[in-house]
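This report concerns only the one structure given below.
First the proteins, then the strands, lettered A, B, ... as listed; each starts at 1.
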Amino acid sequence: MTPPQQFSALKGVQDIFPPDVHLWQKVESLSREVFSLYGFEEIRLPIIEPTGLFVRSIGETSDIVEKEMYTFPDKAGRSITLRPEGTAPVVRAYIEHHLYNLPSPQKFFYSGPMFRYERPQKGRFRQFYQIGVEAFGAVSPLLDAELLSMLKILLERLGMKDLNFEINSVGCGNCRPAYRTALRDFFSAKLGSLCPDCQRRYEANPLRILDCKVDRCIELRAGAPFITDFLCSECKDHFEKVLSALRRLNIPYTLNPNMVRGLDYYTRTAFEVTSEHLGSQKAVAAGGRYDRLVEEFGGPPTPGMGFALGMERLTELLRETGEIVGPFPDVYIAPLGERAIMEGFLMAERLRARGFLVESGYDGSSLRSQLRKANRITARFVIILGEDELSSGRAKWKNLGDGSQGDVEIRKVEEFLASASPGKPR
RNA sequence: GUGGGCGUAGUUCAACGGUUAGAGCACUGGACUGUGGCUCCAGGUGUUGGGGGUUCGAAUCCCCUCGCCCACCCCA
């Protein structure tokens, strides 16, 4: 006989189950709570989008578009892509539903899986989850500071420590081209000494040379021009006001003129929140401004700004700060014998209707093994129901915390548990 | 796509090329026929990831392949 085929999850995707899933739930619920204080409302969007949406927003020559998208034709021959990021779909929906007619700024958050066909490593997956926010229609640098503050408050309430807020301005369509030219000029004489990757970057995206990790390239870029010295007066003013607001909020930040964002659509403010406790993929959140994107997609000129949190990286850090355990059963019902099993089954349903978390045995195993199981799942109480109890009408109860026990009328088990469990029933 | 590391029981890991591949934990049962945790005892059909090769003999050496991990590229 051939053994049945065993399936396993695809490369780069993962199952999330207890106890880990409790961390995920905590992050999700706390995010909702904090975001709602700032007026962000949830938006739920498709996971598949037309391929062109990402090609045009992220940039045709970006790695994401060139080699990382899950793209396939549907049955009518349309090119479909599993979303590799969240901003472009939100922008699409914002324009498609004319949300710009509503009072500005419009603020949304989303949560869900993204897909990129990459080689997995620590903190990187092919299906990964992001919680993101996007705000439309506010040019003020105070919005930038407000989003940073909201993010910091969320991370603090999650108990995260040792985070570094790195910030930069990548300028706009007016000033960035001049900087690119200046960078190319700076590196042109050293081109032959740069690593092969950087020689490619020199052509494709010279800003990327700035965050190369090769020692030689790090040496060669000493003295390279800073983008902050090339910002136009509007961008410079905006950046200074963001930084000043951050100082007023007592939010510590690190200026990182070498930080460039991967996606083409960013303008002005760009930032990353990193942790040294992660692997090489150390950004737990990142975002920035995209003041031209809505217009480029056919909407009215509307500034935008947002960020996304990487769920796997976040929960990775939270796992180190202490396990969050799931709910424990209030009571385990241990029936002995056929009649008792049915009685216990009915009792379990009565107790659940009263708001108790109940586990119940119904396979007729010994009292010993049932108590062992109750102990293992850390039930607070055990109710023992055997022939003796059924004939006397009084069930035995046992408190697994202190070992105390006694008996109680079967009809009054609910009342007994309610008085013995503060806060229950709900 | 590139480079490196690792695949042995449910799990964490042992086993100089040499008997029948072992141990902790977990699980199940018992000591205690209806009382958990602590203790003690008992319980393993593992294609040593898969395939091929070298050898009298391979978990161990070689080749191929699959998978996982880490790093690069890039990115949350």
With sequence neighbours excluded, tell me which residues meet side chain to side chain contact (heavy atoms under 4.5 Å, CB included) with [X].
X	result
A/Q405	A/K398
A/E118	A/E68, A/R116, A/R124
A/D388	none

(request) Check RNA chain B against residues 30-50 of chain A and give the residues with a non-hydrogen atom under 4.0 Å, in numerical order. (result)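 Nucleic-acid contacts, sorted: none.
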(message) Looking only at side-chain N and O atoms, does A/N256 offer a donor or acceptor that is under 3.5 Å from a partner on A/T254?
(response)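 On atom types as modelled, these side chains do not qualify, holding no pair under 3.5 Å.
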(message) Would you say A/E134 and A/T87 are linked by a side-chain donor-acceptor pair, where the criterion is simply a distance under 3.5 Å?
(response)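 Yes, because at least one side-chain N or O of A/T87 sits under 3.5 Å from a partner of the opposite role on A/E134.
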At 4.0 Å (heavy atoms only), tell me whether [X] reaches a base, stays on the sugar-phosphate, or touches nothing.
X	result
A/A374	nothing
A/F125	base
A/G123	base
A/Q370	nothing
A/V284	sugar-phosphate

(request) Starting at the 5' end of nucleotides 30-37 of chain B, put B wherever the base has a protein heavy atom under 4.0 Å, S where only the sugar-phosphate does, and a dash everywhere else. (result) B-B-BBBB
Over how many whole Å does the gap from [X] atom [atom1] to [N] atom [atom2] extend?
X	N	atom1	atom2	result
A/Q281	B/C70	CD	P	10 Å
A/I377	B/A26	CD1	C1'	17 Å
A/R200	B/C72	CZ	P	15 Å
A/F115	B/A76	CZ	P	16 Å
A/F54	B/A76	CZ	C1'	15 Å
A/E272	B/A76	CD	C1'	9 Å
A/F128	B/C74	CZ	P	16 Å
A/Q121	B/G1	CD	C1'	14 Å

(message) Expected output check: what is the dot-bracket annotation of RNA chain B, where ( ) and [ ] are pairs inside the strand (brackets for crossing ones), | is paired with another strand, and pairs are Watson-Crick or G-U under 3.5 Å?
(response) (((((((..((((....[...)))).(((((.......))))).....(((((..]....))))))))))))....
Please state the [atom1] separation for the pair [N] and [M] - nearest whole angstrom.
N	M	atom1	answer
B/G29	B/U33	C1'	14 Å
B/U11	B/C68	C1'	16 Å
B/U28	B/G36	P	14 Å

(request) Look at the aromatic rings of A/F109 and A/F35 and report parallel, tilted or perpendicular, splitting at 30° and 60°. (result)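 Tilted, since the angle between the ring planes falls between 30° and 60°.
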(request) Under the salt bridge (charged side-chain N to carboxylate O under 4.0 Å, His left out) rule, collect the residues that match up with A/R247, sequence neighbours excluded. (result)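 Here no residue qualifies.
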(request) Quick one: list whatever passes salt bridge (charged side-chain N to carboxylate O under 4.0 Å, His left out) with A/R372, sequence neighbours left out. (result)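 A/R372 satisfies salt bridge (charged side-chain N to carboxylate O under 4.0 Å, His left out) with no other residue.
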(request) Quick one: which residue pairs count as a salt bridge (Lys or Arg N to Asp or Glu O under 4.0 Å) with a foot in residues 276-288 of chain A, not counting sequence neighbours? (result)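 Sorted pair list: A/E276-A/K282.
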(message) Test: salt bridge (Lys or Arg N to Asp or Glu O under 4.0 Å). Region: residues 138-156 of chain A. Which pairs qualify, not counting sequence neighbours?
(response)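 Every salt bridge (Lys or Arg N to Asp or Glu O under 4.0 Å) pair that includes a residue of residues 138-156 of chain A, provided the two are not neighbours, is A/D144-A/R289, A/K152-A/E156.
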(request) Taking ring pair (Phe, Tyr, Trp, His ring centres under 6.0 Å) as the test, write out the residues that go with A/F72, two or more places apart. (result)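 Here no residue qualifies.
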Can I get a per-line list of side-chain donor-acceptor pairs under 3.5 Å for residues 338-346 of chain A, giving both atom names and the distance, sequence neighbours left out?
from   : atom 1 : to     : atom 2 : distance (Å)
A/R339 : NH2    : A/E387 : OE1    : 3.3

(message) Given B/A76, B/G1, B/C68, identify the nucleotide with an atom nearest to the side chain of A/A286.
(response)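 The answer is B/A76, which lies nearest to the side chain.
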(message) Quick check: on RNA chain B, is the nucleotide nearest A/R119 upstream (toward 5') of the one nearest A/I64, or the reverse? Name the residue that is more 5'.
(response)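 Going by which nucleotide is closer to the 5' end, it is A/R119.
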